[in-house]
2 protein chains.
Amino acid sequence: MQSDRTSHNQTPIADKPLRADARRNRDRLIEVAAKAFASTGVDASLEAIAREAGVGAGTLYRHFPTREVLIEAVYRHEVEGLVAAADELARTREPNEALAEWMQRFVGYMATKRGMRDSLRLLLESNSPLFAQTSGVVPLAFKSLMDKAVQAGTIRPDVNSADVLHALSSIYSASDGPDWQDRSRRLVSLIMDGLRYGASRASK
Amino acid sequence: MQSDRTSHNQTPIADKPLRADARRNRDRLIEVAAKAFASTGVDASLEAIAREAGVGAGTLYRHFPTREVLIEAVYRHEVEGLVAAADELARTREPNEALAEWMQRFVGYMATKRGMRDSLRLLLESNSPLFAQTSGVVPLAFKSLMDKAVQAGTIRPDVNSADVLHALSSIYSASDGPDWQDRSRRLVSLIMDGLRYGASRASK
DNA sequence: GACCTAAACGGAGGCACCTCCGCTTATCGC
DNA sequence: GCGATAAGCGGAGGTGCCTCCGTTTAGGTC
């Protein structure tokens with residue numbers, strides 16, 4: 001329970017025990033920033049974000065000294081959300097259903113984050129430490145969902161999960177027209193049907 | 001004298017006939033900006049530049065809508081200056097002397113522009129149209145100076161001008177210590193002596 | 001529950017960016 | 001020279017960035 005006898009709590013990613021109010025403000029800032037970045041883009045006014053979160057500019061800058069740090073935090077939060085959703089679905093739904101649902105969420109999620117597209121791409125290309133930490137966890141979570149469905153026999157076993165994820169990402173990239181929402185949904189369904197095709201058990 | 005009968009003066013790089021006051025302000029802005037960029041770096045306050053040039057912010061932004069445009073203009077101006085100096089020296093001095101003098105100027109010039117180093121490198125790497133227009137004129141001017149000295153017999157003929165220019169650039173890059181000024185001067189002299197070594201005629 | 005202190009807050013203030021628009025002036029035809 | 005007028009000027013103003021520091025408060029101690 002307690003291992004902080006020595007004072008070297010400098011673990012690479014120390015989850016320092018923030019004070020309750022600090023943690024509240026931090027979370028709220030990330031939440032508001034995610035919305036702002038998604039709609040306005042990553043150039044959204046930091047002061048506006050602070051204002052909407054109900055804190056002063058000083059608080060924002062204390063938590064996130066630069067815009068980049070805030071962007072990273074938002075990205076990390078979103079990734080965690082996707083993984084958590086996968087876990088939750090895996091626990092509460094049938095494998096087949098969980099997979100289909102998560103795929104829809106993934107594309108919908110990506111599409112709403114249009115504003116962050118460019119900077120995320122930059123982040124991925126740079127050698128940011130963030131990437132090392134979050135890289136791969138989404139594909140991993142997705143693979144796990146697919147494996148479960150394969151085991152249940154509702155989708156075919158001969159499809160590479162990375163390929164499917166890549167396809168989903170492409171859909172997001174192409175989400176530009178006025179009706180991209182519906183089209184994306186249909187495309188995802190199509191992919192899901194492809195997975196079902198020739199499975200050992202019919203899936204509803 | 002006048003070829004503007006038709007209204008298509010949209011040459012790629014139109015040297016539009018600016019009004020006298022506009023041209024004055026423009027030149028003054030470039031001059032001040034060059035100094036500011038060299039000392040403070042390319043992040044120098046644009047408002048400060050406008051103030052020092054004795055014009056309003058509006059005037060600066062009308063001439064140079066973005067910081068990048070201003071940087072480009074400064075760079076272009078500097079390149080033109082170097083080329084003009086080469087022409088002038090070639091006309092008014094002995095080939096041998098002209099070459100030595102220009103080399104010293106080149107290094108001195110580069111050294112004072114430390115603040116622009118990074119952004120210039122960026123400019124060179126990017127596919128800015130600026131580069132296509134100015135690329136090569138400095139090496140060309142330098143080669144011309146060297147050729148004249150070779151013809152006069154005061155330097156040896158078997159040295160590649162591009163190599164020498166590259167050496168001069170290196171000196172500039174290494175100009176970091178407290179006495180870089182003197183050291184640079186000595187290094188340039190050394191290179192010049194190397195060029196003289198074994199020339200057909202002794203040069204003073 | 002009272003008190004203490006380090007942690008956290010938040011907003012005023014200083015600086016910079018950039019735009020907008022009423023005023024000034026160079027230039028040209030007469 | 002003398003308008004006319006388009007070109008140019010410049011600074012006020014609205015916004016955003018970021019810091020600094022006096023004030024507030026969470027969370028532990030007795």
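Residue numbers start from 1 in every chain, and the chains themselves are labelled A, B, ... in the order their sequence lines are given, proteins ahead of strands.
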Hey, which of these two, B/G58 or B/A20, hits DNA chain C nearer its 5' end, going by closest nucleotide?
-> B/G58
Report the distance from atom CG of B/L18 to atom C1' of D/dG8, rounded to the nearest whole Å.
-> 10 Å
Would you mind classifying the nucleic acid contact of A/A57 as base, sugar-phosphate or nothing, using non-hydrogen atoms under 4.0 angstrom?
-> base
Phosphate oxygens OP1/OP2 of D/dG27: is one of them under 4.0 Å from a side-chain N or O of A/R19?
-> no
Would you say the side chain of B/E47 and the base of C/dC18 hold a donor-acceptor pair, judged only by whether the two atoms sit under 3.5 Å apart?
-> yes
What does A/R67 touch in the nucleic acid at a heavy-atom separation under 4.0 angstrom: a base, only the sugar-phosphate, or nothing?
-> sugar-phosphate
Donor-acceptor contact below 3.5 Å, side chain B/R156 vs main chain B/G194 | yes
Mind calculating the distance between CG (B/L29) and C1' (D/dG8) to the nearest angstrom?
-> 13 Å
In whole angstrom, give the distance that lies between atom CZ of A/R51 and atom P of C/dC9.
-> 18 Å
Tell me what B/T59 touches on the nucleic acid: a base, only sugar-phosphate, or nothing, going by heavy atoms under 4.0 Å.
-> base
Looking at A/S45, does any N or O in its side chain come under 4.0 Å of the phosphate oxygens OP1/OP2 on D/dC17?
-> yes
Any ion pair linking B/D87 and B/R91 (charged N to carboxylate O, less than 4.0 Å)?
-> no
Check the distance between D/dG27's C1' and A/D21's CG and give it to me in whole angstrom.
-> 10 Å
Using the side chain to side chain contact (heavy atoms under 4.5 Å, CB included) rule, take B/L99 and B/L195 through it: C-alpha gap first, then chi angles, then the decisive distance, then the call.
-> CA-CA 10 Å; B/L99 179 62; B/L195 291 177; 4.2 Å; yes
How close or far is atom P of C/dA16 from atom CG of B/L60, stated in whole angstroms?
-> 14 Å
Integer-rounded Å distance: D/dT19 P and A/L46 CG | 12 Å
Contact under 4.0 Å: A/H63 side-chain N or O vs C/dC9 OP1/OP2 = yes
In whole angstroms, how far is the C1' atom of C/dG14 from the OH atom of A/Y61?
-> 14 Å
Lys/Arg-Asp/Glu bridge criterion (N-O < 4.0 Å) met for A/D182, A/R186 | no
Does C/dA8 have OP1 or OP2 sitting under 4.0 Å from an N or O in the side chain of A/N25?
-> no
Could you check how far CG of A/L70 sits from P of D/dC17, rounded to whole Å?
-> 11 Å
Give a yes or no on whether the backbone of A/A44 and the side-chain of A/R67 come within a donor-acceptor separation of less than 3.5 Å.
-> yes
